[in-house]
Amino acid sequence: MSRTLNVVRMQLVNRETYLWVPLLILGSSFVMSLIIWATLAAGGVTTNMYSWGTPAPLWYFLAVGVQALTLTFPFSQALSVTRREFFVGTMLTAALTSGVLALIFVIGGLIELATGGWGMGGYFFALDWLWASGPLAAGLFFFTLTMMFFTLGFWAATVYKRWGSFRLTLILVAIALVLLGVIWLITVTRSWPEVMGFIVESGVWGLTVVLAVITIAQALGSAAVLRKTTV
């Protein structure tokens with residue numbers, strides 16, 4: 001356990017990557033949303049205004065997942081850290097940062113609900129569909145979504161490190177073809193109303209479970225490939 005925690009400390013040596021840059025992206029997106037809302041409110045807009053800037057740090061977390069392997073894995077092997085310890089420690093680091101972002105997301109949403117959207121009907125965190133099941137569901141959804149993006153980047157970097165860009169591209173193309181096949185099947189069977197109805201009925205909790213399954217699958221795939229990955 002101590003060696004695993006040392007991996008966490010190693011990953012957090014550069015706190016900008018895991019903490020300050022995601023917070024900067026989230027804060028900048030929030031400030032820009034406030035400016036836009038204030039401008040619209042000054043122009044006479046009285047309806048509630050919503051921003052989709054909340055997911056902005058998630059795309060960065062995709063890159064963080066890549067960097068977590070490509071930049072620190074070779075260094076960890078020089079320190080005689082096992083692959084299992086590196087994997088678990090890296091995932092704990094990602095979970096820690098995801099938890100911080102999810103907590104900020106929940107606190108911001110509670111403030112927005114209490115102030116009526118910062119006094120001008122602007123909602124950055126408290127999106128209606130996401131908060132329909134309460135703050136706990138919203139926080140877990142955001143946490144799981146952040147982890148999904150991280151594990152996706154980590155998985156892609158692991159496959160690249162193990163087999164190179166050609167095989168990684170083949171795998172991504174294969175996944176895209178499978179998804180297109182599913183879309184084609186739903187379309188030709190005219191099942192979109194049933195699919196959309198299922199998604200709506202599942203709600204935030206159901207969607208969170210789906211994201212969790214995808215995240216676990218990506219993490220397990222990364223762990224399996226990492227066992228044979230060389231520096």
Side-chain angles (χ1 to χ4, degrees), residues 8 18-38 40-41 45-62 64-65 90-154 186 191-220:
V8 177
Y18 280 93
L19 187 60
W20 298 123
V21 173
L23 290 178
L24 176 62
I25 295 174
L26 183 64
S28 299
S29 180
F30 174 64
V31 170
M32 286 187 285
S33 296
L34 286 178
I35 294 173
I36 294 173
W37 294 334
L40 293 174
V45 175
T46 57
T47 58
N48 288 340
M49 298 169 286
Y50 296 91
S51 171
W52 287 93
T54 312
L58 302 182
W59 299 106
Y60 171 75
F61 249 70
L62 187 68
V64 173
T90 301
M91 291 300 157
L92 285 176
T93 307
L96 177 63
T97 308
S98 300
V100 171
L101 291 176
L103 180 61
I104 294 174
F105 178 78
V106 171
I107 293 175
L110 292 174
I111 295 175
E112 285 180 346
L113 293 176
T115 59
W118 312 101
M120 52 186 169
Y123 294 91
F124 184 85
F125 302 99
L127 304 178
D128 280 345
W129 68 272
L130 186 54
W131 281 71
S133 299
L136 178 60
L140 286 176
F141 174 84
F142 194 80
F143 171 83
T144 307
L145 187 60
T146 306
M147 285 296 297
M148 189 197 74
F149 272 84
F150 178 87
T151 55
L152 176 59
F154 190 84
I186 295 174
S191 301
W192 282 112
E194 290 79 7
V195 172
M196 297 307 297
F198 175 78
I199 294 174
V200 172
E201 291 177 2
S202 299
V204 177
W205 287 109
L207 185 56
T208 301
V209 171
V210 173
L211 294 177
V213 171
I214 296 174
T215 300
I216 293 172
Q218 292 175 164
L220 292 178

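Just so we're clear, the structure is a prediction, and the values are computed from it rather than from any experiment.
- L34 is listed as a side-chain neighbour of M120, based on a closest heavy-atom distance under 4.5 Å.
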Taking it one step at a time, do S98 and T146 satisfy side-chain hydrogen bond (donor to acceptor under 3.5 Å, both in side chains)?
-> CA-CA 6 Å; S98 300; T146 306; 4.7 Å; no
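- Between F149 and Y60, the ring center distance fails the sub-6.0 Å criterion.
- A search for side chain to side chain donor-acceptor pair (under 3.5 Å) contacts involving T144 returns nothing, not counting sequence neighbours.
- L23 is listed as a side-chain neighbour of I104, based on a closest heavy-atom distance under 4.5 Å.
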Show your reasoning for whether ring pair (Phe, Tyr, Trp, His ring centres under 6.0 Å) applies to Y123 and W131.
-> CA-CA 11 Å; Y123 294 91; W131 281 71; 10.0 Å; no
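- Between V204 and S133 the shortest heavy-atom distance is CB-OG, 4.2 Å.
- Counting heavy atoms from C-beta outward, F61 and T97 have side chains that approach closer than 4.5 Å.
- F124 is listed as a side-chain neighbour of L26, based on a closest heavy-atom distance under 4.5 Å.
- Aromatic ring orientation, F142 versus F105: parallel (interplanar angle below 30°, classes split at 30° and 60°).
- Remark: W129 CH2 is packed, more than 12 non-hydrogen atoms of other residues, nucleotides or ligands lying under 6.0 Å away.
- For the pair D128/N48, no side-chain contact is recorded, criterion being any heavy-atom separation below 4.5 Å from C-beta on.
- In this structure, CE on M147 lies 9.5 Å from CD1 on I216, to the nearest 0.5 angstrom.
- Going from atom CG of L140 over to atom CG of L145 covers 12.5 Å, rounded to the nearest 0.5 Å.
- Residue pairs meeting the side chain to side chain donor-acceptor pair (under 3.5 Å) criterion with at least one member in residues 191-206, sequence neighbours excluded: T187-W192, T189-S191.
- Taking all atoms of both residues into account, the shortest heavy-atom contact from P22 to Y18 is CG-O, 3.6 Å.
- What you find for P135 and L110 is that their closest heavy atoms are CB-CD2, 4.3 Å.
- Note that OG1 of T215 is 9.5 Å distant from CE of M91, once rounded to the nearest 0.5 Å.
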Residues L92, L96; criterion side-chain contact (heavy atoms from CB on, under 4.5 Å); working and verdict = CA-CA 6 Å; L92 285 176; L96 177 63; over 6 Å; no
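- Closest non-hydrogen pair, S51 versus T54, comes out as O-OG1, 4.3 Å.
- For the pair Q218 and F154, the minimum side-chain heavy-atom distance is 4.5 Å or more.
- Under the 4.5 Å side-chain criterion, counting only non-hydrogen atoms from C-beta, T90 is in contact with F150.
- A centroid separation of 6.0 Å or more is found between the aromatic rings of Y50 and W37.
- Aromatic pair F125/W118: ring centres not closer than 6.0 Å.
- Legend: residues meeting side chain to side chain contact (heavy atoms under 4.5 Å, CB included) with I107, ordered by chain and number and at least two apart, are L103, I111.
- The distance from atom CE of M148 to atom CZ of F143, rounded to the nearest 0.5 Å, is 13.0 Å.
- A donor-acceptor pair under 3.5 Å is absent between the side-chain atoms of S29 and the main chain of I25, judged by distance alone.
- To the nearest 0.5 Å, atoms OG1 (T151) and CG (L220) are separated by 10.0 Å.
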